[in-house]
Q: 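The structure under discussion is supplied below as structure tokens; questions concerning it will follow.
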Amino acid sequence: MHSANPSIVIHAARDLRVEERNTPVIGAGQVLIEMQAGGICGSDLHYYNHGGFGPIQLREPMVLGHEVSGKIIAIANNVSGLSVGQLVAVSPSRACQSCEYCLKGQQNHCLNMRFYGSAMPFPHIQGAFQKTLVADASQCVPADGLTAAQAAMAEPLAVCLHAVKQAGDLMGQTVLVTGCGPIGCLSILAARRSGAAHIIATDLSDFTLGKARECGADVALNTGTDPKALALYQSDKGQIDVHLECSGAAAALAAGVACLRPKATLVQLGLGGDMTVPMQAMTAKEITLRGSFRFHEEFATAVQMMQSGLIKVDPLITHSFDIADAVEAFHTASDRSSAMKVQLTF
């Protein structure tokens, strides 16, 4: 066992500690990674601020983190295609590849999923905010040509690529994105790359709306200061073809439904707990509601799109903190008036 492995561990709401954890030696098909960058996700913030979300609550200390990249420092003898010193983006999606859903190609619904930093099962699945991490070679996507910070954005971008795939053909479509945090802004980038002709973004924060404009939103509306900002898009039964709901807020979903055309599509990817849905309006307008949960094969695509320059994530990375300043990093990430994606360096 390797010792001296600083890790970011959540014990309870607002009880975040940097602790030494042991890292096991690598086994067959695995690599040892020296972490370089890790992004703080909304779910990490739920654990930090509230001890969990909905029925998913901490029941034991847990290492946080699932948006990470690092350099390989050791490789098992039977691993090929990777090399020591190589920067890799590490997918947190560890599907069993043998359950009924994996065999159907639905690995994001794996019955035995071991997704980093998740309190859903017990014992909890420990996360990736560790100085050194053992990962399966199959989780590692070479990130040659990217910075560590860019490579760590592969996970949230993969979430958005999966959501856009759920939305169907976006070519020439008018798209509404509600909630302009990292997922909302990355969804704007993904929707535009998928052919969306006109993108409207809404949020309650002028700071995040500014980032939405940087990402290519044609219109950015503050529905906090102007609750009727979307009224223009409600005429003639609605003007929106696709709604990507990224906030998890019932009010945002309802506002979007009022703007959707008959036969339009609503994709829900924001997770904020159960909410009331305007089912009568959705039924009358024959709106298709699709959920979007995590990703699998989209992770490698996310890396490739960044490498080719098709999607640029740099404007979304607003802060970087050393692991020793983890508490300050989480505090900063909780302030949506000044922070977008906050990352840790190791």
Side-chain angles (χ1 to χ4, degrees), residues 8-16 38-67 92-95 99 101 106-129 155-156 158-160 162-163 166 177-184 186-187 202-205 208 224 243-257 266-279 282 289-296 330-331 333-336 339 341-342:
I8 298 176
V9 183
I10 187 73
H11 286 253
R14 295 283 174 164
D15 185 1
L16 187 72
I40 298 174
C41 175
S43 61
D44 296 319
L45 291 176
H46 277 298
Y47 289 125
Y48 173 68
N49 288 307
H50 309 293
F53 43 97
I56 304 171
Q57 297 292 320
L58 287 168
R59 287 169 282 172
E60 64 175 343
M62 182 178 75
V63 179
L64 291 174
H66 56 266
E67 302 178 7
S93 179
R94 296 182 292 169
C99 72
Y101 295 108
Q106 300 173 354
Q107 286 91 343
N108 58 318
H109 298 292
C110 174
L111 293 174
N112 307 300
M113 175 63 73
R114 296 170 299 132
F115 200 94
Y116 283 145
S118 173
M120 191 177 298
F122 185 85
H124 300 336
I125 307 300
Q126 300 299 309
F129 283 169
E155 195 275 348
V159 168
C160 301
H162 182 73
Q166 290 291 89
V177 177
T178 51
C180 294
I183 293 298
L186 288 168
S187 292
T202 69
D203 201 283
L204 307 179
S205 163
T208 57
H243 178 190
L244 301 175
E245 206 303 287
C246 304
S247 72
L253 184 146
V257 168
L266 165 60
V267 179
Q268 182 65 44
L269 62 157
L271 295 174
D274 290 337
M275 65 176 76
T276 300
V277 175
M279 188 56 69
M282 293 177 66
L289 170 62
R290 292 183 179 143
S292 185
F293 183 64
R294 291 179 178 166
F295 55 87
H296 190 69
F330 273 73
H331 178 75
S334 300
D335 183 2
R336 296 188 72 248
K341 177 57 67 178
V342 175

Q: Do you know which two heavy atoms are closest between Gly179 and Cys246, and how far apart they sit?
A: O-CB, 3.6 Å
Q: Under the side-chain contact (heavy atoms from CB on, under 4.5 Å) rule, what do His66 and Asp44 come out as? Steps first, then yes or no, please.
A: CA-CA 9 Å; His66 56 266; Asp44 296 319; 4.2 Å; yes
Q: Minimum heavy-atom separation for Val159 to Phe295, with atom names?
A: CG2-CD2, 3.7 Å
Q: Quick one: SG on Cys180 to CZ on Arg336, what's the gap to the nearest 0.5 Å?
A: 8.0 Å
Q: When rounded to the nearest 0.5 angstrom, what distance separates NE2 in His331 from CG in Asn49?
A: 10.0 Å
Q: If you compare all heavy atoms of Ser187 against all heavy atoms of Leu269, which two are closest, and at what distance to 0.1 Å?
A: OG-CD1, 4.0 Å
Q: When rounded to the nearest 0.5 angstrom, what is the spacing between CG in Leu64 and NE2 in His46?
A: 13.0 Å
Q: Are the side chain of Glu245 and the backbone of Leu266 linked by a donor-acceptor contact shorter than 3.5 Å?
A: no
Q: Indicate yes or no for a side-chain donor-acceptor contact from Asp203 to the backbone of Thr208 under 3.5 Å, with no hydrogens or angles considered.
A: no
Q: Between Asn108 and Phe293 (side chain of the first, backbone of the second, donor and acceptor by atom type, cut-off under 3.5 Å), is there such a pair?
A: yes
Q: CZ/Arg94 to CD1/Ile125 distance, rounded to the nearest 0.5 angstrom?
A: 6.5 Å
Q: For residues Gly224 and Leu204, report the shortest heavy-atom separation together with the two atoms involved.
A: N-CD2, 3.4 Å
Q: What is the minimum heavy-atom distance between Ser292 and Gln166, and which atoms define it?
A: OG-CG, 4.0 Å
Q: Using the side-chain hydrogen bond (donor to acceptor under 3.5 Å, both in side chains) criterion, which residues pair with His296? Sequence neighbours excluded.
A: Ser93
Q: Nearest heavy-atom pair of Leu253 and Pro278: which atoms, and what distance?
A: CD2-CD, 3.3 Å
Q: When rounded to the nearest 0.5 angstrom, what distance separates CE in Met62 from CZ in Phe129?
A: 10.5 Å
Q: Please tell me if the side chains of Tyr47 and Ile56 come closer than 4.5 Å, counting only heavy atoms from C-beta onward.
A: yes
Q: Once side chain to side chain contact (heavy atoms under 4.5 Å, CB included) is applied, do any residues pair with His11, and if so which ones, sequence neighbours excluded?
A: Val9, Asp15, Arg17, Glu19, Pro61
Q: Could you list the donor-acceptor pairs under 3.5 angstrom formed by side chains in residues 109-123, with sequence neighbours left out?
A:
from: Tyr116; atom 1: OH; to: Gln139; atom 2: NE2; distance (Å): 3.1
from: Ser118; atom 1: OG; to: Met120; atom 2: N; distance (Å): 3.2

Q: If we ignore hydrogens and angles and just use 3.5 Å, is the side chain of Gln268 paired with the main-chain N or O of Gly270 as donor and acceptor?
A: yes
Q: Could you measure the distance from the NE2 atom of His162 to the CZ atom of Arg294? Nearest 0.5 Å is fine.
A: 11.5 Å
Q: Does Phe53, at its CZ atom, have more than 12 non-hydrogen atoms belonging to other residues, nucleotides or ligands within less than 6.0 Å?
A: yes
